[in-house]
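Here is the structure we will look at, set down as structure tokens.
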Amino acid sequence: MSAIGDGLAYVLHTSGSTGRPKGVPIRHRNVLAMIRGFCPLFTFDTDEVWPLLHAYTFDVSVWEMWGGVAAGACLVTVDDRQARDPWALAMHLANAGVTTLHIVPSVFRHVAETVVEESLEVPLRKVVFAGERLNRAAVRTWRNHGSGSATFWFNVYGITETTVYNSFHAVRPADLDTDRPTTPIGRPAPGSSMRVVGEDLRELPPGEAGELLISGPQLSEGYVGLPDLTRERFVTAPDGSGPWYRTGDVTVADEAGVLHFVGRLDDQVKVRGVRIELGEIEHALRSLPWLRDAAVVTTVSRRGEVQLAAAIVPTHGVGGDIDLTERDWAAKVREELANILPWGMLPQRIIAVDRLPQNSSGKLDRPEVTLLFG
């Protein structure tokens, strides 16, 4: 058994924030540790139906396959067309009688809207979110539709280098009915250790935001053929413990010990000498009732200055109920944001689009958003 556990299960390449693919070797023991830590956190019935929604190049598929096997679930495949078309996916979930869904929040939003518009019946008992900030509006849309009140919601967090998932949070009504810009990612699952640290890698007290470190039996051994990067990202803490993986994610623990996702270290930008968290601006944009989604990036002006740029998705499309020119949209957004954010956080460039670009795993493709601004 130990020989099998030491064997290589897969190597998944991830580019992260660098844009350069990095091979992450995951061994059978890493996957087993993840399954053993996460399955007991859920109560699965004997008639569960799980969709294999994610591509094999996205490590959520590892949990969908082997978590489904461990739960005794019926695994339903999803083809490329269904995965990319919210209407086709919603119909497939309804026809297959899916009970447990693991999905990226931005994709679920489109599915929820389709289910409501088409009055579909999908017998979801559990929805597990991962990969992005929790989309509270999408959950409220589903919760207010038909049997949505009987659905249990979970938010989980993990990194490819630490084998899919590491923390778990059962979403409460209070998590949905709040305007808090952070997302609760919960507490470490059994077998995983997590701590929030400052720049010196020393642990911070609750209430102070810092970089999240992860350790435990799910931890990969590093990157294939990249010893320098491995030493940079897999570190020993000042207290001698480790190795710990430096996630690059900024989190904060509340007084109850629940971790909240704040943003990415590489999403913190400096504009006019002020350090700004892009996620905070995106949260403010999504709070506007006539916007469905938004993404904020930095661009460089003709004068060589760093500036904020926002791509917004109006609720009813660019040519929908509010048919405005690009200049009108920009003025409308700035006027509303001025009541929420300080002047230094207002985007200088704003464009309206029908949909934000996504990568193959359904996450926001920030490099493609940047290209929208030329």
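Quick caveat, the model's predicted, so the values are computed rather than measured. The figures here come from the full heavy-atom set of this structure, side chains too, leaving out hydrogens, waters and symmetry mates.
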Aromatic contact, F152 with F42 (centres under 6.0 Å): no
Test: D175 and R136 ion pair at under 4.0 Å: no
Presence of salt bridge, R27 and D6, under 4.0 angstrom: no
Non-hydrogen side-chain atoms of P123 and V98 separated by less than 4.5 Å: no
I35 side chain near Y165 side chain, heavy-atom distance below 4.5 Å: no
Near-ring test F154/F168, centroid separation under 6.0 angstrom: yes
N/O donor-acceptor pair under 3.5 Å between H92 side chain and V76 backbone: no
F108 ring center within less than 6.0 Å of W153 ring center: yes
Main-chain N/O of R355 paired with D293 side-chain donor or acceptor, under 3.5 Å: no
Residues which pass side-chain hydrogen bond (donor to acceptor under 3.5 Å, both in side chains) with T100, listed by chain and number, not counting sequence neighbours: E48
Single-linkage hydrophobic cluster, 4.5 Å side-chain cutoff, V111 and V49 together: yes
Nearest heavy-atom neighbours spanning S167 and M194: CB-SD, 3.7 Å
Close side-chain approach of L101 to K126, heavy-atom, < 4.5 Å: no
Any donor-acceptor N/O pair, T182 side chain to V262 backbone, under 3.5 Å: no
Validation row: T163, D59 side chains within 4.5 angstrom (heavy atoms): no
Worked check of side chain to side chain contact (heavy atoms under 4.5 Å, CB included) between V31 and Y10: CA-CA 10 Å; V31 178; Y10 60 87; 3.9 Å; yes
L212 and L259: CA distance, side-chain angles, deciding distance, side chain to side chain contact (heavy atoms under 4.5 Å, CB included) verdict: CA-CA 9 Å; L212 181 66; L259 290 166; 4.2 Å; yes
Any donor-acceptor N/O pair, R286 side chain to L291 backbone, under 3.5 Å: no
Exercise: identify the closest heavy-atom pair between V196 and G210: CG1-N, 3.4 Å
Salt bridge flag under 4.0 Å for residues E232 and R246: no
Hydrophobic cluster membership, L41 vs I214, 4.5 Å side-chain cutoff: yes
Close side-chain approach of I185 and H169, heavy atoms under 4.5 Å: no
CG on L53 to CG on L89, rounded to 0.5 Å: 5.5 Å
Intermediate values then yes/no, side chain to side chain contact (heavy atoms under 4.5 Å, CB included), V69 and W50: CA-CA 10 Å; V69 169; W50 290 25; over 6 Å; no
Qualifying residue, where the test is side chain to side chain donor-acceptor pair (under 3.5 Å) with Y223 and the options are H13, K22, E161: E161
Same apolar cluster (I L V M F W Y, side chains within < 4.5 Å links), V115/V104: yes
Straight-line distance of L278 CG to L308 CG, nearest 0.5 Å: 7.0 Å
F58 ring center near W63 ring center (under 6.0 Å): no
Side-chain donor or acceptor of E368 paired with backbone N/O of D365 under 3.5 Å: no
Min side-chain heavy-atom separation P217-N30 under 4.5 Å: no
Single-linkage hydrophobic cluster V297~I351, side-chain heavy atoms < 4.5 angstrom: yes
Side chain to side chain, W244 and T236, heavy atoms closer than 4.5 Å: no
Nearest heavy atoms of A71 and F44, plus distance in Å: CB-CD1, 3.5 Å
Backbone N/O of A112 and side chain of T141: donor-acceptor pair under 3.5 Å: no
Short N-O contact, E113 and R292, less than 4.0 angstrom: yes
S220 versus F234, closest heavy-atom pair with distance: O-CE2, 3.4 Å
By salt bridge (charged side-chain N to carboxylate O under 4.0 Å, His left out) - contacts of R187 (at least two apart): none
Closest approach of A94 to E121 (non-hydrogen atoms, all atoms of both residues): CB-O, 3.6 Å
Derivation and outcome, salt bridge (charged side-chain N to carboxylate O under 4.0 Å, His left out), residues R366 and E132: CA-CA 13 Å; R366 286 193 181 275; E132 291 177 347; over 6 Å; no
Test: D177 and R143 ion pair at under 4.0 Å: yes
Whether D85 side chain and R81 backbone form a donor-acceptor pair below 3.5 Å: no
Separation of L204 CG from E199 CD (nearest 0.5 Å): 10.0 Å
Y157 side chain to D249 side chain, donor-acceptor N/O pair below 3.5 angstrom: yes
Ion pair R125/D45, N-O distance below 4.0 Å: yes
Validation row: S192, Q218 side chains within 4.5 angstrom (heavy atoms): yes
Smallest separation among heavy atoms of R264 and T247, with atom names: NH1-O, 2.7 Å
Hydrophobic cluster membership, V62 vs Y245, 4.5 Å side-chain cutoff: yes
Straight-line distance of E280 CD to M345 CE, nearest 0.5 Å: 4.0 Å
Co-members of the apolar cluster containing V258 [side chain, <4.5 Å]: none
Gap separating the CD atom of E64 from the OG1 atom of T77, nearest 0.5 angstrom: 11.5 Å
